[in-house]
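Below, chains carry the letters A, B, ... as their sequence lines are ordered, and counting in each starts from 1. Predicted model only: the values in this text are computed from it and were never measured.
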Amino acid sequence: MEANKMVSLKDAVSVIQDGDIVFFGGIVDGRRPVAAMRELARQQKKNLITLSFLSVEDFLVGAGCIKGIRGCYTHLGIFGKVPCLHRALAKNELVVDEFGHIDCQLQLMAPALGLPYVASPYCIGSDIINPNYDFSEKLRALAREPERIGAQKYIFTENPFSPEHETVVLVPALRPNVAIIHAGKIGHEGTVRIEGTQGLDIYAAFAADRVIVTAEEIVPESYLRRDPNRNNIPTTQVDMIVHVPWGAHPTALPGYYDMDMEALFIYQKAARTEEDFAKWSDEWIYSLSDNNAYLEKIGAAKMMQLKAVEPYGFKPRTSVEQLG
Amino acid sequence: MEANKMVSLKDAVSVIQDGDIVFFGGIVDGRRPVAAMRELARQQKKNLITLSFLSVEDFLVGAGCIKGIRGCYTHLGIFGKVPCLHRALAKNELVVDEFGHIDCQLQLMAPALGLPYVASPYCIGSDIINPNYDFSEKLRALAREPERIGAQKYIFTENPFSPEHETVVLVPALRPNVAIIHAGKIGHEGTVRIEGTQGLDIYAAFAADRVIVTAEEIVPESYLRRDPNRNNIPTTQVDMIVHVPWGAHPTALPGYYDMDMEALFIYQKAARTEEDFAKWSDEWIYSLSDNNAYLEKIGAAKMMQLKAVEPYGFKPRTSVEQLG
Amino acid sequence: MSENLQISAQEKMVIYAARQLKPFDNKQALIGIGLPVLASQVAKYLWCGGLKSIIENGSFDAIIAEIPFSLFGGRISYGCSAQLDNGFALSGAKRGRVEIGFLGAAQVDKYGNINTTQIGPIDNPKFRIAGSGGAVDIGCYCAHTFIVCAQSKRTFVNQVDYVTTPGWVAPDNTKAGRAWVPRETLRLTGGPAAIITNLGIMKFDEKTKEAYLDEYYPGVTIEQILDNTGFDLDVSRAREADGITGEELTVLRTKVDPLNIYKTR
Amino acid sequence: MSENLQISAQEKMVIYAARQLKPFDNKQALIGIGLPVLASQVAKYLWCGGLKSIIENGSFDAIIAEIPFSLFGGRISYGCSAQLDNGFALSGAKRGRVEIGFLGAAQVDKYGNINTTQIGPIDNPKFRIAGSGGAVDIGCYCAHTFIVCAQSKRTFVNQVDYVTTPGWVAPDNTKAGRAWVPRETLRLTGGPAAIITNLGIMKFDEKTKEAYLDEYYPGVTIEQILDNTGFDLDVSRAREADGITGEELTVLRTKVDPLNIYKTR
């Protein structure tokens, strides 16, 4: 019989251990599993290493949870710097191991397809591959299972198939311990359907040891299975299902809601000082015991203001007559 | 302004040159671009090298068009052997360069993502990687642009990231000159939507220099663009669009029609002797000047018999009450 | 009750293969076309409704409402969880989530090496068969690979002519000399769990890694099995298999393949 | 007519950047967030309706019905041809189909090297900026990379502190010593085509690969540009750019960004 994968957010996040490599789904300000990130803060996980992009999860740097990142971008999009990250860097309390964007995908695609590493032509001519900026050892020192991270970030070799023997850069596979992905719809057995940007989520779902999916709606499997070509992650890769409406807020969830620019501005301003960040954390994380409390905090009126309109998948700023 | 990509099947196929590496979409007996294959026979292309699977395109071996294949399977599914291939092998007129199935995908995924080669753990312990069975040189001798094919099929090396230095197999990228893909729906600017098995088509569409898509229906772009997450190949990778109803017959096209088992049995029997194969070729290829003539040859009654039923995407053998 | 039933050799292969899946409810299996599809569907009806069928075309958690003749048509994709690509499916064994594989064989040897590629000496082959398809990708890494094929001296050979899919002792082609080495030396994981034929079930000795006769079907003699085996087969541990039940047969005949499209009866 | 219009510095950057796309109707361009999105939309309205916008999130042939603040929300995907993954999009330059890239810069040097990663000496950086995002993947292989940024001595430096995205002469980090070598030596293709700022347009000399002043905007003096450039800039070929037309401005203000969300005016 079918195993029941539905769990509470608290129980789902509790499987994450200190020193785990955690993949967060979505990109920068779109479809991020922010509710799960808040729960990580509440559970005070330590020495986490995250991947690819660091934006809204900046508060997990401030909360002392994230200590390392291998990725290509640490910024809050148009909202500017990620203040906790910069404070942590200044105190030497965070490792940022720079990577190219395609390489971020390749390091997950490799384990997703069972490959040990990938030969990449990207980042040549850049300081991203400058060996002085290889912080693999620092990441390994943080990791609970250091062997998941290659002893070197990049290894240079020659293309043995080419008569010109051009230099290629080898990118090692990196298997996250856990992937946390937020989606619009998930079937009750775990079929995931993503709207809009899919990011690296599918590769991460195949690469990670455990996959947690938080979702706006849990729908009948049969409904999603009417069009398997439209689904992005199969039941066989999903271990835990958590029902978390507005679980990507304040980032955007195409088809559901726009990003909450006001909330992101408030965060970015508050996080600039330790004092204000502590207040913000109390107000938006620690004083809110569960997702219902968070929903009340956002407020129904704000939710209606952000709600996406069909067929756009976003909330038009102008009238729909004008947009066409 | 938007360039018009719509061309006749004849014009589309005419871009293929002798000695080209041609990727045919679909797998074995599903969604194969068979109408385009027949046009290749009519245009008597020579020294073609094909990839991955050789099944219904057996008649192109019989017609003297295909002279090489790098792939993992040469068989007609449950219908049995591919007779022309076996005859050509006996006469030493065909090169079959054996590959693993995942490696078939990797050799296309690599160029699709701009990678020079891929490190694969597959096929170790198999004679597929037996160096005596490396026929790269023979394939290169056939190819118009031999440099597209690695000088070696596989190169063995050690995983430099692993303390155990385990052996890995390097699979070189292979860029097809042309990919020919059959789909259900294509937008008039080239957006492709595939039903059912997608096979290696998306990688091939990104890997090949030119992409020809034959389709059952040419629909408004705006219709397909209502759900970009459901589309498989973007306009930017499609060079030619050809309207070819029943263009995958006698293979199956999920959502449109079942495979024509009778036609496949007839082929497999006829192809067993050169005489019968010549008769079959006249009857089903050379005497039919265009796709309309082919449609008449299939016959309207047979078409209705094979037509898929919603929501299955296939034609149920039992009543829909029974199937549920 | 089973003794009175007329059961074909093909039906036996399907049902005894299905029984192998009993311990694997909720596990993931890569299922090939033909008898493996029938066997997995029988197992799902009777014992492991949570078994997840993955097809090499990228259909995950396939339901297979109607038995297909093809792995690539609408019958495979219909109702599955997600239709992704071949690589995601076939790499499942290497990644580790997919523990079970079901493969056919034109030749199989005592170490469970499978040949589906060519017949004749390795340096002078006589004729080609079909190739690997996804077999090698499945067989290199699946924790438990089940081989389903009819038993004869032609198929059960001492050493296969060409190793398409490696068994417990396989050729190392990464070094000169094509030495036969244990699969662990090649860092392959898992391995052949059993060969299920029309006559009985062979398993592999923990130590020698050679096939031995585990079970012979009711009505089949050990001699009959030896007469159809081209290698030395240890029969010292052989016991008669439990007979096929009416329930098993009913499920196969009325639920899984009511139209007998695979002509198993 | 243009002389009478009040045009902001930001509007100039957008419109002069848009003009760079004129020769590229029906070509494919990787478009970043901010001014590049505005520029590409202006170009599509006025000159190259067949330009294909590709976004690093995997949105192909994006229509961008409403100007977004994010590359990853619904405004990017809506109405695009196919929503695939980041790798397919960003690898377009290396594959060859994508010829145009639009990048921003925190620092840029005379060879068109871009820094968006960190400020300070390479062996002792002072502070971090944001990282590459997809810039390096675009800039390594695009036939024509256009750099859009405001011009000052702080941004236009003699040598960038850290090369995020290589220009015409870039550090070879695959060998000890971090030698600066021509990009062809590194087998990178294409390269920076122009830097479009609030003051003028720099291009790169065919031979020396160093930036020279190609055009200065009406109302801007060459001295003003030199005062805002931290490296030796050849101005011998400089000419005044054609003024911005009322049509260009109208398209930007009424069609592309009617709500002025990017506060370009």
Side-chain angles (χ1 to χ4, degrees), chain B residues 26-31 71-75 77-78 81 85-86 89-90 96 98 100-102 104-106 109 121-132 156 164 166-167 169 195-200 202-203 251-252 254-255 258-259 261 308 311-314 316-318 322-324, chain C residues 33-34 55-59 65-66 68-79 83-87 90-91 94 113 115 117 122-123 127-137 139-141 162-167 170-176 178 181 183 186-188 258-259 261:
Chain B
I27 310 183
V28 183
D29 42 24
R31 206 173 44 74
C72 67
Y73 183 83
T74 60
H75 208 62
I78 61 147
K81 293 202 171 189
L85 174 136
H86 290 285
L89 279 178
V96 178
E98 202 71 17
H101 189 153
I102 294 181
C104 285
Q105 179 165 324
L106 296 178
M109 183 185 275
Y122 299 105
C123 299
I124 290 173
S126 166
D127 279 314
I128 293 173
I129 58 167
N130 187 326
N132 294 333
F156 309 124
E164 290 145 46
E166 74 271 14
T167 300
V169 181
E195 310 283 334
T197 303
Q198 65 185 54
L200 314 180
I202 297 162
Y203 300 107
T251 69
D258 269 19
M259 66 179 171
M261 295 186 57
Y312 309 114
F314 58 85
R317 301 187 196 101
T318 54
Q322 214 172 322
L323 192 56
Chain C
I33 196 69
I55 316 293
E56 70 180 271
N57 74 329
S59 290
E66 199 171 85
F69 283 121
S70 161
L71 284 186
F72 311 106
R75 283 173 180 81
I76 288 290
S77 303
Y78 173 66
Q83 177 58 60
L84 304 178
D85 69 34
N86 308 27
L90 284 165
S91 62
K94 175 68 179 159
N113 291 296
N115 178 13
T117 303
I122 185 82
D123 51 358
F127 60 88
R128 180 173 173 82
I129 313 168
S132 160
V136 64
D137 306 306
C140 278
Y141 296 104
Y162 176 108
V163 175
T164 308
T165 305
D172 181 3
N173 279 303
T174 67
K175 297 185 182 67
R178 195 174 176 260
V181 297
R183 69 184 281 132
L186 299 169
R187 297 171 191 278
L188 305 178
L259 299 180
I261 69 158

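With a 4.5 angstrom heavy-atom cutoff, B:Q198 touches chain C via backbone and side-chain atoms both. Contact annotation for B:L85: only side-chain heavy atoms (C-beta onward) come within less than 4.5 Å of a heavy atom of chain C. With a 4.5 Å cut-off on non-hydrogen atoms, B:Q105 touches chain C through its side chain but not through its backbone. Of the two parts of B:L89, only the side chain, counted from C-beta on, holds a non-hydrogen atom closer than 4.5 Å to a non-hydrogen atom of chain C. Of the two parts of B:N130, the backbone and the side chain both hold a non-hydrogen atom closer than 4.5 Å to a non-hydrogen atom of chain C. For a residue to count as touching a neighbouring chain, one of its non-hydrogen atoms must lie under 4.5 Å from one of that chain's; by this rule B:E164 touches chain C with backbone and side chain alike. Only the side chain of B:L323 comes within less than 4.5 Å of a heavy atom in chain C; its backbone stays farther off. Residue contact with chain C, scored on non-hydrogen atoms closer than 4.5 Å, involves the backbone and the side chain of B:T318 alike. Both the backbone and the side chain of C:S91 come within less than 4.5 Å of a heavy atom of chain B. Residue B:F156 touches chain C through its side chain alone, counting heavy-atom pairs closer than 4.5 Å.
The structure places NZ of B:K81 at 5.5 Å from CZ of C:F127, a figure rounded to the nearest 0.5 Å. For the atom pair CD (B:E98) and CZ (C:R128), the distance works out to 4.0 Å, reported to the nearest 0.5 Å. Between the CE atom in B:M261 and the CZ atom in C:F69 there is a gap of 4.0 Å [rounded to 0.5 Å]. A distance of 5.5 Å separates CE of B:M109 from CG of C:D85, quoted to the nearest 0.5 Å. Between B:I128 atom CD1 and C:C140 atom SG the span is 8.0 Å, to the nearest 0.5 Å.
Residues C:S77 and B:G196 approach most closely at OG-CA, 3.4 Å, considering heavy atoms. Here the closest non-hydrogen pair linking B:P254 and C:G73 is CG-C, 3.9 Å.
Contact check for B:S126 versus C:N173: no side-chain heavy atoms found under the 4.5 Å cut-off. Between C:Y141 and B:P121, some side-chain heavy-atom pair lies under the 4.5 Å cut-off. Using a 4.5 Å heavy-atom cutoff, the side chains of C:R178 and B:D127 are in contact.
If you tally non-hydrogen atom pairs under 4.5 Å between each of C:L71, C:N57, C:D137 and chain B, the highest count goes to C:D137. Annotation: maximal heavy-atom pairing with chain C below 4.5 Å, among B:G313, B:G199, B:G26, B:A252, occurs at B:G199. No other option in C:V181, C:D123, C:I122, C:N113 has as many heavy-atom pairs under 4.5 Å with chain B as C:I122. The residue among C:G134, C:G133, C:P171 with the most heavy atom pairs within less than 4.5 Å of chain B is C:G133. For chain B, the option among C:E56, C:K175, C:K94, C:R187 with the highest count of heavy-atom pairs below 4.5 Å is C:R187. Heavy-atom pairs under 4.5 Å with chain B were tallied for C:L186, C:V136, C:T165, C:N86; the largest tally goes to C:N86.
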